[in-house]
Enquirer: 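This is the structure I have questions about; it appears just below.
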There are 2 protein chains.
Amino acid sequence: MPSDAIRAALIKRLRISSAIADEDIAEIEALPISVRHFPAEQPVVRDGERATNCCLIADGFCARSKTIANGKRQILSIHIPGEIPDLMSLFLHVMDHDLATLTPSTLGFISHETLQRLHRRRPVVAEMFWRDTLIDSAMFREWIVNVGQRPAPARLAHVMIELRERLRIIGRLDGNNFEMPLTQEQIGEALGITAVHANRVIKQLRQEGIVDLHRGRVTVLDERKFLELADFDNRYLHQSPTL
Amino acid sequence: MPSDAIRAALIKRLRISSAIADEDIAEIEALPISVRHFPAEQPVVRDGERATNCCLIADGFCARSKTIANGKRQILSIHIPGEIPDLMSLFLHVMDHDLATLTPSTLGFISHETLQRLHRRRPVVAEMFWRDTLIDSAMFREWIVNVGQRPAPARLAHVMIELRERLRIIGRLDGNNFEMPLTQEQIGEALGITAVHANRVIKQLRQEGIVDLHRGRVTVLDERKFLELADFDNRYLHQSPTL
DNA sequence: TCGCAGTTCCAACAAAAGTTAAGGACGGTG
DNA sequence: CACCGTCCTTAACTTTTGTTGGAACTGCGA
């Protein structure tokens, strides 16, 4: 994958959430990025590590998670191309969670130093990245609500619709069909339920003709029921740069 | 409360998490702040509102929350003096959650404009505030883990210890006794359980001689058991400015 | 002082989710 | 093609949590 295409995904996404000037785009296009390929299920940065780079997803799916003392794991977020899941490491140098690939991925690494220099040169870019980390934070808030208050079927539907909404932005939807490459074990970890229960829930939604999940692909069967179940309000994604 | 004392709490807290120069402190001390008093259980900013100020807690406890379609409420975080719970509104202008007082509170409002100007003048201060929002985000991640993976008694213990840790920083601990002014209803909303179950859990921890909660005051009965139950690792609070 | 409203507390029952265990489907590989 | 490992699927049973409804306690104001 050419380095240009990698930057394109980032810029496309940033344009959605922030107003951005052409000079600033030029600056981002000039950033030195070192590209590496990762197989599926591979750690990128680990909890406790000291990060010196940020990682831009050029291709593939990644997830952030934390593992507690009893060995249970909680998935915190799912990430798609164009996102920088560990932007926070710029100021929180010691990682407080894991970042790992879900599928084989192409990642672009940008050194903290490079980003710091860019920020000093272009405060507007810094503000844009700051806003990006704030949207990340808003997504965590919604994730708390999902895990804390919604019944399991609604949790699943909500995560699916959030992912669909974000895939739409980067043009990765085909009809009522989109990728969600998690095993049922991982879905359980994302929703705060066991894999067995995740299976029950998936089966139920399939039988009720709401949505089907098969081999990492989501197929919406009844859009109305799906939306109603998920109780989804996209405001928390803060996609409008003017607001 | 004199305006100086208000700023002091903020500066004390910022010094813990960031290295900060004396000139920058002078700038913060010079910020125009307008002070208002709020009764208990009063909304400060509401979900959907457009914010033009950030709010510094000078005295009292506040909480952030989201309410979903079925009326259930999830508490996202508890805030104490010296914190700026809605700093995120600087770049996410339309609120995606509520901020309200828990107890009667004294709040200092700083306009977004003032903060923006300060950031342009002193990029280092901007970075410090950015870091502050990132720590906020880290706390949300841990809250997700708490609600998603820990059994109810451990959830309660974890929230208690997080609060204690933060109260310690601002010098608000008296021995093994500290304030946590939430009703059992609110504790339920924070932990993602019902008030009835919250009551069961509190009772259980009391009977097991681990911790007692009475009228908004926490008394630790057995520190060892308490720590073990909570599974608390303070790394996510990022209290060391050098890391 | 009384009564009111908001808590706290509790019991009985119902529902949701966890645990354990095991069979079946599927993709990859020798 | 047969084998292997991973994931999916299901059933039976246990535990945790939710629901409903009501009693006791507490602080506050009429």
Side-chain angles (χ1 to χ4, degrees), chain A residues 39-42 61 63 68 70-75 100-104 146-157 179-208 211-219 229, chain B residues 39-42 61 63 68 70-75 100-104 146-157 179-208 211-219 229:
Chain A
E41 299 288 333
Q42 180 92 1
F61 285 72
I68 64 177
N70 65 15
K72 285 187 202 277
R73 198 167 80 120
Q74 174 69 44
I75 289 182
T101 61
L102 290 168
T103 63
N146 204 40
V147 168
Q149 297 300 336
R150 280 190 263 261
R155 287 186 211 178
L156 177 57
E179 276 183 89
M180 179 162 136
L182 308 206
T183 65
Q184 294 189 353
E185 178 71 40
Q186 291 164 336
I187 289 173
E189 290 169 345
L191 306 183
I193 59 180
T194 58
V196 173
H197 196 55
N199 180 271
R200 277 197 280 253
V201 169
I202 292 166
K203 181 184 168 190
Q204 186 197 327
L205 295 191
R206 184 154 42 216
Q207 282 177 348
E208 289 176 354
V211 68
D212 191 15
L213 175 55
H214 187 66
R215 300 256 197 89
R217 207 143 242 295
V218 179
T219 308
L229 175 64
Chain B
E41 299 289 331
Q42 179 91 1
F61 285 72
I68 65 177
N70 66 15
K72 286 186 201 275
R73 198 166 81 119
Q74 173 70 44
I75 290 182
T101 61
L102 290 169
T103 64
N146 204 39
V147 169
Q149 298 299 336
R150 281 190 263 260
R155 287 186 211 178
L156 178 56
E179 275 182 90
M180 179 161 138
L182 308 206
T183 65
Q184 294 188 354
E185 179 71 40
Q186 291 164 337
I187 290 173
E189 290 170 346
L191 306 183
I193 60 180
T194 59
V196 174
H197 196 54
N199 180 271
R200 277 197 281 252
V201 169
I202 292 166
K203 180 185 167 189
Q204 185 196 327
L205 295 191
R206 183 155 43 217
Q207 283 176 346
E208 289 177 354
V211 68
D212 191 14
L213 175 56
H214 188 65
R215 300 251 202 91
R217 204 142 246 297
V218 179
T219 309
L229 175 64

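As the structure is a computational prediction, the values presented were derived from the model and not from experiment. Per chain, numbering begins at 1; letters A, B, ... match sequence-line order.
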Enquirer: Quick one: A:Glu189 CD to D:dC7 C1', roughly how many Å, whole number?
Expert: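 Interatomic distance, CD of A:Glu189 to C1' of D:dC7: 14 Å.
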Enquirer: Without decimals, in angstroms, what is the distance between A:Gln204 CD and D:dA11 C1'?
Expert: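 Between C1' of D:dA11 and CD of A:Gln204: 17 Å.
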Enquirer: Would one find a side-chain N or O of B:Arg206 under 4.0 angstrom from OP1 or OP2 of C:dC9?
Expert: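 Yes, such a contact exists.
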Enquirer: If I take atom CD in residue A:Glu185 and atom P in nucleotide C:dT19, what distance separates them, rounded to the nearest angstrom?
Expert: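 So the CD-P distance, A:Glu185 to C:dT19, works out to 11 Å.
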Enquirer: CD of B:Gln149 versus P of D:dT16: gap in Å, rounded?
Expert: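 Result: 16 Å.
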Enquirer: Heavy-atom distance under 4.5 Å between the side chains of B:Val211 and B:Val218, does that happen here?
Expert: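 A side-chain contact under 4.5 Å exists here.
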Enquirer: Ignoring hydrogens, what is the shortest heavy-atom contact between B:Arg155 and B:Gly192? Give both atom names and the distance.
Expert: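 The answer is NH1-O, 3.8 Å.
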Enquirer: In whole angstrom, what separates B:His197's NE2 from C:dT8's P?
Expert: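 Atom-to-atom, B:His197 to C:dT8, this comes out as 16 Å.
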Enquirer: Determine the minimum heavy-atom distance between B:Leu229 and B:Ala157, stating which atoms define it.
Expert: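 So the minimum-distance heavy-atom pair works out to CD2-CB, 3.8 Å.
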Enquirer: Base, sugar-phosphate, or nothing: which does A:Ala152 touch, judged by heavy atoms less than 4.0 Å apart?
Expert: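 A:Ala152: backbone/sugar contact only, no base atoms under 4.0 Å.
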Enquirer: Specify the residue among A:His214 and A:Arg155 whose closest nucleotide of DNA chain C lies further upstream toward the 5′ end.
Expert: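 By nearest-heavy-atom nucleotide position, the 5'-most residue is A:Arg155.
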Enquirer: Do A:Arg200 and A:His197 pair up side chain to side chain, a donor and an acceptor below 3.5 Å, judged on atom types alone?
Expert: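 Yes.
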Enquirer: Pick the nucleotide of DNA chain C nearest each of A:Val201 and B:Ile202; which residue has the one closer to the 5' end?
Expert: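 Between the two, 5'-proximity favours B:Ile202.
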Enquirer: Any base atoms under 4.0 Å from A:Arg200, or only sugar-phosphate, or nothing? Heavy atoms, all strands.
Expert: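 Base contact.
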Enquirer: Going by distance alone, is a donor N or O of one side chain under 3.5 Å from an acceptor N or O of the other, for B:Glu41 and B:Gln186?
Expert: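 Yes.
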Enquirer: What nucleic acid atoms does A:Gly192 come within less than 4.0 Å of, heavy atoms only: base, sugar-phosphate, or nothing?
Expert: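 The residue A:Gly192 makes sugar-phosphate contact but no base contact.
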Enquirer: Taking only side-chain nitrogens and oxygens of A:Asn199, does any of them come within less than 4.0 Å of OP1 or OP2 of D:dT9?
Expert: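 Yes, because at least one side-chain N or O of A:Asn199 sits under 4.0 Å from OP1 or OP2 of D:dT9.
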Enquirer: Grab the CD-C1' distance between A:Gln184 and D:dT9 for me, whole Å please.
Expert: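 For the pair A:Gln184 CD and D:dT9 C1', the rounded distance is 8 Å.
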Enquirer: Would you say B:Lys203 reaches C:dC9's phosphate, i.e. side-chain N/O to OP1/OP2 under 4.0 Å?
Expert: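 Negative; the distance criterion is not met.
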Enquirer: What is the distance, to the nearest angstrom, from the CD1 atom on B:Ile187 to the P atom on C:dT7?
Expert: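 After rounding, the gap between these two atoms is 12 Å.
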Enquirer: Rounding to an integer number of Å, can you tell me how far A:Ile193 CD1 sits from D:dG18 P?
Expert: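 Rounding to the nearest Å, CD1 of A:Ile193 and P of D:dG18 are 15 Å apart.
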Enquirer: Are B:Arg215 and D:dC25 close enough that a side-chain N or O sits under 4.0 Å from OP1 or OP2?
Expert: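 It does not, given that no N or O in the side chain of B:Arg215 lies less than 4.0 Å from OP1 or OP2 of D:dC25.
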Enquirer: Contact class for A:Thr194 vs. all strands (heavy atom < 4.0 Å): base, sugar-phosphate, or nothing?
Expert: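 Touches a base.
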